[in-house]
Structure formats: structure tokens, C-alpha cells
Amino acid sequence: MGLFDLFNKKKSGDYAKDRLKLLLVSDRANCSPDIMEQIKNDIIEVISRYMEIDASGLDIQLTQTESEGGNGTVPALYANIPIKDMKTKSKPVK
Amino acid sequence: MSEVIVITSGKGGVGKTTTTANVGTGLAKLDKKVVLIDTDIGLRNLDVVMGLENRIVYNLVDVVEGSCRYKQALIKDKTHPNLFLLPSAQTKDKTSVTPEQMKKLVEELKKEFDYIILDCPAGIEQGFKNAIAAADRALIVTTPEVSAIRDADRIIGLLEANEIKKTDLIVNRIRMDMVKRGEMMSIEDVVEILAIDLIGAVPDDENIVISTNQGQPLVGDNSLAGRAYMNICKRVLGEEVEYLDLNDSGFFKKLSKLFKKSN
């Protein structure tokens, strides 16, 4: 194995660990795909009042993040919402 | 004071029955009076792993139904006079026993035995509920695989919900050569993810297959798995035991930090 591989190739053990961590977050939250779909639709509805978004490109998932209190990781809802256009445009700043 | 231990995993095929046979035999070698109960009704296996399949007369269902006294159903081990097996029924269905019946039976067995070890079936249905009903503590067996660890996490949650406070982890079938290459999750990874105390790790050792072929648990012999199981037994008794070096890199020295009881 070259030095290049050492830094770039992620091993299957790491993949397993990362997959498991994500899997367990949603398992432990007991959050069904149905509920995730509902949350997604509600988010689309609310955001759409203020801006034009690409609903098909919207991606939400349960993940985990370092807590601000510094006591390990906590579950977090991650949402990636592509904005097409701001409906209430502010004037461009020169 | 006797202790009731359930050996469980959620997923099938990770080594519950092998672990039950070895932990039970090991505790008997350490001079405890031990009874093993196979609670997997319909899929009896512990008798075969113990090499006692030819001696079965009565079984667990006969005992709880009152067809015989429990002493008639207990099979004495071939080599350890203080080790007994209560076999499961092969032909009955798994609703034949209730958690209440298990509790009652275990209460009776407590009068006579130091350790009552319950081999739990895979899954989280009736058989699982029966097996955990009377347990004081649990040993959770997992392998370093995504599916097994996921199921173990589910089991840990269910045990907590059923107020089994003491749960310890056994990481089974670890292959240090693969861990070194990064192609298998390490014991540290598994412990970190499941966040419960580790009581031991057992290497993937062909001697396990050989001992199962012979119906003779290998605990206490000179193989790596045999030593790993004996260490687990000593830790069950509350002894502090150094962690086995499953390879020469000192990995286990680093690992020992993870154990509550060490240093």
C-alpha cells in the first residue's frame, strides 16, 4: 500500500462504523420513514412561504453532532434545502 | 446468593449458545454450582454444543407444564458434577412457556444453584421475553458486524426497558488481522458505539468449531478462545483479570482502558 492510499482510501471498517452510527441514531429515535416524509413536507410548506425552493433536491436526515455543552454527540436533524430564488428580493448592494 | 444471567444478542448465529456453554462450563470449573437453561423452544441446540443430546428424557416444557419435577429433567454434565443442563423442547411451539412460568422455575432453581444461565433465542419475541423475565443481569454477545451490532443496540434498549440494569458486552469472533488492516471494526469501535461495559472479547478461533464438533466446550484450555472464555468467567465472578493479548501489538493494553474494572 502506498502513502497515497494510506491517506485517501477509507477502509471498510470505517464505512461500517459510520453506517452504524447513522443507523443507530434513527433506530434509537424510533423515527419511521413515514414521519420523516411528513417532516419533509412540512418543511417544504413553511420554507415555501418565504422563498422558492427546489423541493426535489431537498434532503433531510437524522444524524448526530457534537453537543455545544461538550457532553458527547447528540442527535440532529440535518436538512439540505436548495433555494432557487428569494421571493422578497432585497436590493442588490453595490 | 445466586445470580441469574441471560445470554442474548438479538441477531442469530453470533455465538449465544457457544457462549452459554463455555461460560457455564467455566463457572463450573471455578467450583460454582451451575444450571444452564436452553430457552429456545423448537430449536434446541445447547444440548448438542454440550455433547449431552443423547441423555435427554424430559425438557423445559415438561417441567413448566408439571409433567415432571425439574430434578428429573436436569442432565448432569459429562465431566463436571456441579454442572447441569435443562434442555429445551424440540417439538413444542414457542408459546408453550410464559414469562411467569420461567420466573417461578428460576425461583426454585435459585435454592440449589449459584448460577442460572439462560440461553436466549434469537429475535425479540416470546422466547426473548421468557428468557429475560427472571434475569438479574445480561451478557450481550455481538460480532463486529453492522447487522449484529444494530440488533445488540436494540436488545440493550429492551433490557433497559425491562429494568435489567447490569448488562455487559462480549465481542465475539474478532479477527485482529482484519482489524489491523482496517477491514473490521475494532473492539474499541464496538464498545464506543454500544456504550456498555465490555466483559471480554473472543477471537475467531477454529478451535471453537473443533470443540463444537466434539460436544466439549473449550473454556479453560490453552487455545486463545479457551483462555478468553475463562477470563470472562472470572470477570463474571467479579475478579479483575488482565486482558488477553490477542496479538502482539499491545492493542489490548490500550484497550484495557475501556474496562471499568481495570486499573
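As the structure is a computational prediction, the values presented were derived from the model and not from experiment. Numbers restart at 1 for each chain; the letters A, B, ... are given by sequence-line order, proteins then strands.
- No side-chain donor from either of A/Q38 and A/D34 sits under 3.5 Å from a side-chain acceptor of the other.
- Judged by distance alone, the side chains of B/N22 and B/T25 never bring a donor and an acceptor atom under 3.5 Å apart.
- No side-chain heavy atom of B/V190 sits under 4.5 Å from any side-chain heavy atom of B/I187.
- One side chain, B/T17 or B/D119, offers a donor N or O that lies under 3.5 Å from an acceptor on the other.
- Interface remark: B/M185 contributes backbone and side-chain atoms alike to the contact with chain A (heavy atom separation under 4.5 Å).
- No hydrogens or angles considered: a donor-acceptor pair under 3.5 Å links the side chains of B/Y229 and B/T19.
- Across all non-hydrogen atoms, the minimal contact from B/S88 to B/G42 is OG-N, 4.2 Å.
- Interface residues of residues 140-159 of chain B toward chain A, defined by a heavy-atom distance below 4.5 Å and sorted by number: B/V146, B/I149, B/R150, B/D153.
- Residue contact with chain B, scored on non-hydrogen atoms closer than 4.5 Å, involves the backbone and the side chain of A/K17 alike.
- Between B/V202 and B/I174 the shortest side-chain heavy-atom distance does not fall below 4.5 Å.
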